Amino acid sequence: MKKIYGCLLGLVLALGFSSVAQAQGEAATMSGPPRVLTVSREFVKPGKTGALHDRMESAFVKAMGNAKSPTHYLGLDSLSGKLRSLFLTGYDSFDAWEKDMQAQSKDVALSTALERAYTADAPLLDSVDQSVWVFREDQSMHPTTDIGSARFMEFEVFHLKPGHGADWDEAVRMVKEAYAKVPDAHWDMYQLVYGGAPSYVVITPLKSASEIDRNFASGKQFVEAMGPDGMKKLDELSASTIESIEINLFSINPHMSYVPDEVANSAPDFWRPKAAAEGKPKAKAKAEAKPATP
């Protein structure tokens, strides 16, 4: 989203982040955003991206698939900023996250396969970091549930100044009230709980890059709904509350994603291109007439 009328404006243009992955057993649903979201970032060395990194990451997907793991994740590649890949895993609770880690440690075959994959992937990477976020339903609007049609994701990270949590809450409240007057407005908000200073992130799934153009245009509707006085107050809250804002675009990489069958089946040509190609009937080659040999 774009910093046009104050850096909080990015919030109002977000479309929301659906449940990309869920946890064990009964928590494995796709009904909404995961309550707990773990994010792993791999900073890839120059020249080590593309097919080479895809090949290394596919070993993780294969290991999880062979183990029939109920815990899924989404892999993305950066289109802006430093070369890096994101891996998003969602859980219904912290307890579900713990049970998932325990289950993986008890599965010897899975643990061994993942260890081999980590060893093979390590030479391609400069560094890795991790963070944990919680879903803020009170600061979200009409959360979406469909991730199968998404092809890109936009991440807006807001780093707050210490002691301004109440100001942030007020700013988000103003944004939600104004955007209630704009059709089809919806977004999901996550708050950082482990891995950094006070921060929030808006994650926007995009079906195509044309949605970025549309989101630019929708900013005018929000400004009209907010009004001059509201925009002035929002700008003041933004200046006093936010330390910095970072906006980046990522593409979803199906080769690095381990998604549920209901997601993969919604667009098999994208999520499982190899399997889709193997399932299609081969075209019969036309026999060419061959002249008789004397």
Side-chain angles (χ1 to χ4, degrees), residues 14-23 28-34 37 39-42 44 48-80 83-90 110 113-114 117 120-121 124 143-155 184 186-188 203-215 248-286:
L15 295 179
F17 172 56
S18 68
S19 177
V20 300
Q22 297 294 329
T29 64
M30 298 298 291
S31 59
L37 182 68
V39 180
S40 178
R41 295 193 302 177
E42 291 186 352
V44 187
K48 303 297 184 180
T49 57
L52 178 59
H53 192 219
D54 286 358
R55 198 158 55 244
M56 295 298 104
E57 291 298 335
S58 65
F60 292 93
V61 177
K62 183 178 180 181
M64 298 290 280
N66 289 342
K68 294 181 171 55
S69 174
T71 302
H72 301 90
Y73 63 87
L74 194 66
L76 307 97
D77 290 322
S78 61
L79 296 176
S80 62
L83 292 174
R84 63 204 184 283
S85 296
L86 297 185
F87 298 92
L88 313 179
T89 308
L110 175 59
L114 292 177
D121 193 36
L124 308 183
T144 56
T145 57
D146 173 32
I147 199 64
S149 60
R151 299 297 177 263
F152 301 92
M153 277 192 174
E154 195 172 74
F155 291 78
D184 303 322
H186 54 106
W187 68 82
D188 293 1
I203 309 176
T204 308
L206 304 166
K207 294 181 180 179
S208 68
S210 63
E211 291 192 35
I212 301 175
D213 299 317
R214 185 191 67 188
N215 292 341
N248 283 293
L249 184 65
F250 287 76
S251 62
I252 296 176
N253 189 331
H255 301 288
M256 302 195 307
S257 301
Y258 176 60
V259 298
D261 288 339
E262 58 264 33
V263 173
N265 293 338
S266 68
D269 288 342
F270 174 76
W271 291 107
R272 292 174 180 168
K274 184 177 180 181
E278 291 175 350
K280 293 179 179 179
K282 296 181 180 179
K284 294 182 179 180
K286 292 183 178 180

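Given the structure is predicted, the values throughout are model-derived calculations rather than measurements.
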Using the side-chain contact (heavy atoms from CB on, under 4.5 Å) criterion, which residues pair with [X]? Sequence neighbours excluded.
X    : value
A267 : R151, F270, W271
S58  : none
A63  : L110, A113, L114
K207 : S149, E211

Fill in: Parallel, tilted or perpendicular, as decided by the 30° and 60° cut-offs, for the rings of Y258 and Y73
tilted

Practice prompt. Measure from the side-chain N and O atoms of S80 to the backbone N and O of N248, and report whether any donor-acceptor pair falls under 3.5 Å.
Written response: no

Taking only residues two or more places apart in sequence, or in another chain, which ones meet [X] in a side chain to side chain donor-acceptor pair (under 3.5 Å)?
X    : result
R55  : none
N253 : D54, D77
S251 : none
S40  : none

Worksheet item: Any salt bridge between D261 and R272, counting N to O under 4.0 Å?
Response: yes

Worksheet, complete the sentence: Hits for ring-ring contact (aromatic ring centres under 6.0 Å, His included) against F60, two or more places apart or cross-chain, chain-then-number order -> Y118

